[in-house]
Amino acid sequence: MNFIEKDTYTIEDIQSLIDIQAEENTYYEFKDARAIDDKQKAEISKDVSAFANADGGVIIYGLNEDRNTHKAVGLSFVDTLKYSKEWLENVIHSNIHRKIDDLRIYKVDNPHNINESIYIVKIPRSSNAPHMSSDNKFYKRANFKVIAMEEYEVRDSYYRTQHSVLEIYDWYIERVEVDNISAYSRYTLRAFVRNVGKTVENQFKLNINFSGVDISLLKFEGLTSNIKAIGTHDGYRFSLLSNMPIYPEEIIELDRFTVIVPLIKSTTILSNTKLSLELYFGQCGRDSIEDNTLQERKRCK
């Protein structure tokens, strides 16, 4: 199971991160025992609030990282006689405004010393964002760093709590068949939308634009009444329309369809065809992903 999805943790789970040389990223941060200290309360509030203001994630207090590669390299246990789980929980809740709902702290004991532990702080993407740290600033997670949010990002976060806010949660293409008889390959294109706001949204559509190649070389299957196709000046656009409401924190898959590519020209077509995705919702809401190729792409989330 994905580490972030687990409900319980053991020392073996922590050791596995070292064994596979797990790397910090948008969703994971590793901190050694020195990060749990009375002098680090402000830093703790910055790190935790940044995850809540972004897409959520996990901070592991008690894990050394290589400063150059950002990979987990060793254990670094916290002295629980001095800094208990309750101490950490109080630091987080008393130094971050507003309170982060559904935040969880897990304690993993050192099997060789009952007075040492590792703390795993699991932070959800917050629907009550933005959350302010103890220095009266708002932060977000940006890969390996915690950075201050721009003014417009703070405003957008407040907007999230009052309106439906949709995002392109995921999309991917996978080859489902190679038909040597007809000399075609079939690729299924799938797209997912998530409501990260606090209200129900009933109207939205996702445009998938194909460009950069002679569109007559491609064929399409599985086009339903919820998929509208029109020609553009340099390709084709498919509009995937919603036929159901999407509720807060819900993820739905829009109607999928199949792209059929001739084998003899598949390499050229896959390299040259460009995709862009545009999601529209409400009166002025928009999310987009630009300039992706038609190359096979596995699900990323």
Side-chain angles (χ1 to χ4, degrees), residues 1-17 22 24-65 72 74-141 144-149 157 160-161 198 249:
M1 182 183 293
N2 187 311
F3 189 92
I4 202 171
E5 296 174 349
K6 295 176 70 68
D7 294 320
T8 59
Y9 294 93
T10 66
I11 194 66
E12 288 76 21
D13 293 322
I14 306 299
Q15 183 61 47
S16 70
L17 296 176
E24 285 187 328
N25 56 37
T26 305
Y27 298 97
Y28 292 93
E29 185 165 6
F30 308 141
K31 299 281 189 178
D32 63 35
R34 293 173 298 176
I36 298 295
D37 186 272
D38 286 314
K39 297 179 180 179
Q40 297 295 326
K41 291 180 179 179
E43 198 67 24
I44 292 172
S45 71
K46 287 171 56 176
D47 292 334
V48 173
S49 63
F51 273 110
N53 289 334
D55 205 27
V58 168
I59 302 176
I60 302 175
Y61 291 98
L63 193 57
N64 286 319
E65 62 155 326
L75 302 175
S76 174
F77 291 102
V78 176
D79 182 352
T80 54
L81 292 179
K82 192 173 183 180
Y83 301 110
S84 65
K85 175 182 173 182
E86 290 71 26
W87 177 91
L88 178 57
E89 187 172 34
N90 181 65
V91 168
I92 292 172
H93 290 315
S94 62
N95 286 276
I96 297 175
H97 180 75
R98 302 174 234 172
K99 180 182 177 182
I100 302 171
D101 296 328
D102 299 322
L103 181 142
R104 298 287 184 269
I105 301 176
Y106 301 84
K107 178 172 174 281
V108 179
D109 293 328
N110 181 351
H112 306 296
N113 186 338
I114 62 173
N115 296 322
E116 293 182 339
S117 297
I118 291 171
Y119 296 132
I120 302 169
V121 182
K122 188 182 293 186
I123 307 144
R125 175 189 174 93
S126 178
S127 59
N128 290 320
H131 297 272
M132 185 172 65
S133 72
S134 60
D135 62 357
N136 296 324
K137 294 182 180 180
F138 299 92
Y139 294 91
K140 67 177 181 178
R141 184 80 175 161
F144 303 117
K145 297 180 180 180
V146 171
I147 61 176
M149 298 172 68
S157 294
R160 182 196 309 175
T161 68
K198 298 192 71 174
E249 300 304 321

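Using a 4.5 Å heavy-atom cutoff, the side chains of L88 and Y61 are in contact. For the pair F77/N115, no side-chain contact is recorded, criterion being any heavy-atom separation below 4.5 Å from C-beta on. Side-chain contact check for V146 versus K140: every heavy-atom pair is 4.5 Å or farther apart. Residues R104 and D102 meet the side-chain proximity criterion, which asks for heavy atoms closer than 4.5 Å. Side-chain contact between P124 and I100 is present, with at least one heavy-atom pair separated by less than 4.5 Å. A heavy-atom distance below 4.5 Å is found between the side chains of I60 and I118. Residues V58 and I123 are not in side-chain contact: their nearest non-hydrogen atoms beyond the backbone lie 4.5 Å or more apart. In this structure, I44 and I92 have side chains that are in contact, with non-hydrogen atoms separated by less than 4.5 Å.
Within 6.0 Å of atom CG in L81, more than 12 heavy atoms from other residues, nucleotides or ligands are found, so the atom counts as buried in its surroundings.
A salt bridge does not link K99 with D101: none of the charged nitrogens is closer than 4.0 Å to a carboxylate oxygen. For E29 and R141, the salt-bridge test passes: some basic side-chain N is under 4.0 Å from an acidic carboxylate O. Between E43 and K41, none of the side-chain N atoms (NZ, or NE/NH1/NH2) sits under 4.0 Å from a carboxylate O, so this pair counts as no salt bridge. We find that D37 and K39 are not joined by a salt bridge, their nearest charged nitrogen and carboxylate oxygen being 4.0 Å or further apart.
Checking side-chain atoms of Y119 against main-chain N and O of K85 turns up a donor-acceptor pair under 3.5 Å. No donor-acceptor pair under 3.5 Å is formed between the side chain of H131 and the backbone N or O of S49. The backbone N or O of T10 lies less than 3.5 Å from a partner atom in the side chain of D13, making a donor-acceptor pair. Using modelled atom types, one side-chain atom of K122 and one backbone atom of K6 make a donor-acceptor pair closer than 3.5 Å. Between the side chain of S76 and the backbone N or O of A33, at least one donor-acceptor pair lies under 3.5 Å.
Taken from OG in S117 to CD1 in I14, the straight-line distance is 11.0 Å, to the nearest 0.5 Å. With rounding to the nearest 0.5 angstrom, the CG atom of L103 is 7.5 Å from the CD1 atom of I96. In this structure, CG in N95 is found 13.0 Å from NE2 in H97, a value given to the nearest 0.5 Å. Atom CD1 in I59 sits 9.5 Å away from atom CD in E24 (nearest 0.5 Å). The distance from atom OG1 of T26 to atom CG of D55, rounded to the nearest 0.5 Å, is 8.5 Å.
The shortest non-hydrogen separation linking F3 to Y9 is O-OH, 2.7 Å. Here the closest non-hydrogen pair linking V121 and I105 is CG2-CG1, 4.2 Å. Closest of all the heavy-atom pairs between G57 and F51 is CA-CD2, 3.7 Å. A pairwise comparison of heavy atoms in D38 and Y83 identifies N-OH, 3.5 Å as the closest pair.
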Inset, instruction - Would you please test K137 and D135 for salt bridge (charged side-chain N to carboxylate O under 4.0 Å, His left out) and show each step? - result: CA-CA 6 Å; K137 294 182 180 180; D135 62 357; 5.1 Å; no
Inset, instruction - Please report the C-alpha distance between Q40 and V91 in whole Å, then the side-chain angles of each, then the deciding distance to 0.1 Å, and finally whether the side chain to side chain contact (heavy atoms under 4.5 Å, CB included) criterion is met. - result: CA-CA 10 Å; Q40 297 295 326; V91 168; over 6 Å; no
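Remark: the Y139 side chain and the N53 side chain contain no N/O donor-acceptor pair separated by less than 3.5 Å. Between the side chains of N128 and S126, no donor-acceptor pair is found at a separation under 3.5 Å.
Among D109, D79, N110, T80, the one residue that satisfies the side chain to side chain contact (heavy atoms under 4.5 Å, CB included) test with E116 is N110.
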